[in-house]
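Just so you know, ligand 1 is whichever comes first in the structure, and atom 1 is the first atom listed for that ligand. Atom set for the values below is all heavy atoms of this structure, side chains included, hydrogens, waters and symmetry mates excluded. The shown structure was predicted, so the numbers you read here are calculated from the model rather than taken from an experiment.
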Amino acid sequence: MHKKVKKAVFPVAGLGTRFLPATKSIPKEMLTVIDRPLIQYAVEEAKAAGIEEFIFVTGRGKSALEDFFDYSYELNETLKHRGNKQDLDAVNHVVLDPGTVIYTRQQEPLGLGHAVWCARHLVKDEPFAVLLADDLIEAKKPCLKQMVEAYEECASNVVALMEVDAKESSSYGMVRPGVGQDKTVKIEGVVEKPAPKDSPSNLAIVGRYILHSDIFDALESVRAGKNGEIQLTDAISQLLKRQEFYGLKFDGARYDCGSKHGLIEATIEMALNRPDMASEVRSIIKQMVNKK
Ligand code: G1P
């Protein structure tokens, strides 16, 4: 019987250079889509998938992120005093249960693979999820939940996949799928950010993974790859020699909130999906478009 996926790793040590100067003093994962920071969307997705332990791989200047998931005594007292129940519920909702959240630091920005490796002593020998908060995924059934269900069926590593334009391959880990499969594809190979002419397919890895803890051994042995960083994709490529990996073409929409236009797109889309905002935002957009 395979073990349940109870732990999730959130690599949040990135410098967020695409959002400078904002990210000089705000972690990029704290950038907001409407009224929630990106990291909250990822944590809520993990909770909905049954995750019980939240491991953040942080870095310098990320204390706003730790404070966000903590109890805020002064704010709570003020809101209580004002009888502001709605806001009080919103701030209490994000507090993670005592003892379920762990922060560790990646001292140097050596890549996603290195960040995940930094969590090895916390994950130990259990299967675990990795969520990249700048990939915001809107789905009826949360993406990680879809992946946990796929994992329970195949009892192997699972990554989230999406089709991208051929010219975008150099922004993603790209997979070589096995033949003749549908929503869940067996993965035959992976390569990090290949040029379009070298890409094995148009299927890209999105920032959601369920991994066997053997990935840590693979991460120990991979050398710096693309951009001189330790790449998670390279470790996956190595582990593929010994273990099966499946790719799930999940149902849902993914927004690249690591880019400015992606963050704007997510903000508009999420606002249009919210009953408390949709009509006002729709008319603002109409007015703007008519003026241009
Ligand atoms: C990372 C991974 C890449 C993956 C992508 C998904 O790249 O290295 O394989 O496709 O996330 O967003 P990054 O976007 O951090 O450069």
Asker: Output yes when a protein non-hydrogen atom is found under 4.0 Å of atom 15 (O) of ligand 1, and no otherwise.
Answerer: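 Neighbour list for atom 15 (O) of ligand 1 is empty of protein heavy atoms (cut-off 4.0 Å).
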Asker: List the closest protein heavy-atom neighbour of atom 11 (O) of ligand 1: residue, atom name, distance to the nearest 0.1 Å.
Answerer: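 Answer for atom 11 (O) of ligand 1: Leu132 CD1, 3.4 Å.
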Asker: Who else is in the cluster with Ile284 when I, L, V, M, F, W and Y are joined by side-chain contacts under 4.5 Å?
Answerer: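 Listed partners: Met288.
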Asker: For atom 7 (O) of ligand 1, what's the nearest protein heavy-atom neighbour? Residue, atom name and distance, please.
Answerer: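 Of the protein heavy atoms, Lys193 NZ, 3.3 Å lies nearest.
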Asker: For atom 10 (O) of ligand 1, grab the closest protein heavy atom and report residue, atom and distance to one decimal in Å.
Answerer: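 For atom 10 (O) of ligand 1, the nearest protein heavy atom comes out as Ile205 O, 2.6 Å.
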Asker: What do we get for Asp134 next to ligand 1 when only non-hydrogen atoms under 4.0 Å count, side chain, backbone, both or neither?
Answerer: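 Neither; nothing of Asp134 gets under 4.0 Å from ligand 1.
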Asker: Backbone, side chain, both or neither: what part of Arg254 comes under 4.0 angstrom of ligand 1, heavy atoms only?
Answerer: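 Side chain only.
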Asker: What's the shortest distance from atom 12 (O) of ligand 1 to any protein heavy atom, and which residue and atom give it?
Answerer: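 In this structure, atom 12 (O) of ligand 1 has Asp135 OD2, 2.7 Å as its nearest protein heavy atom.
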Asker: If every non-hydrogen atom of Lys193 is compared with every non-hydrogen atom of Ser171, which pair is closest and at what distance?
Answerer: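 Closest heavy-atom pair between Lys193 and Ser171: CE-O, 3.5 Å.
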Asker: Members other than Leu110 in its cluster, when Ile, Leu, Val, Met, Phe, Trp, Tyr link by side-chain heavy atoms under 4.5 Å?
Answerer: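 Members alongside Leu110: none; it stands by itself.
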Asker: I need the single residue from Val190, Val191, Leu112, Val175 that forms a side chain to side chain contact (heavy atoms under 4.5 Å, CB included) with Thr233. Which is it?
Answerer: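 Exactly one option meets the side chain to side chain contact (heavy atoms under 4.5 Å, CB included) with Thr233, and it is Val190.
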Asker: Can you confirm whether or not the ring centre of Phe128 sits under 6.0 Å from the ring centre of Tyr209?
Answerer: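 Aromatic pair excluded; centres sit 6.0 Å or further apart.
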Asker: Among all the protein's non-hydrogen atoms, which is closest to atom 8 (O) of ligand 1, and how far away is it?
Answerer: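 Among all protein heavy atoms, the one nearest atom 8 (O) of ligand 1 is Glu192 OE2, 2.6 Å.
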Asker: Do Arg208 and Phe250 meet the cation-pi criteria used here (NZ or CZ under 6.0 Å from the six-membered ring centre, within 45° of the axis)?
Answerer: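 The answer is no; the distance or angle limit is not met.
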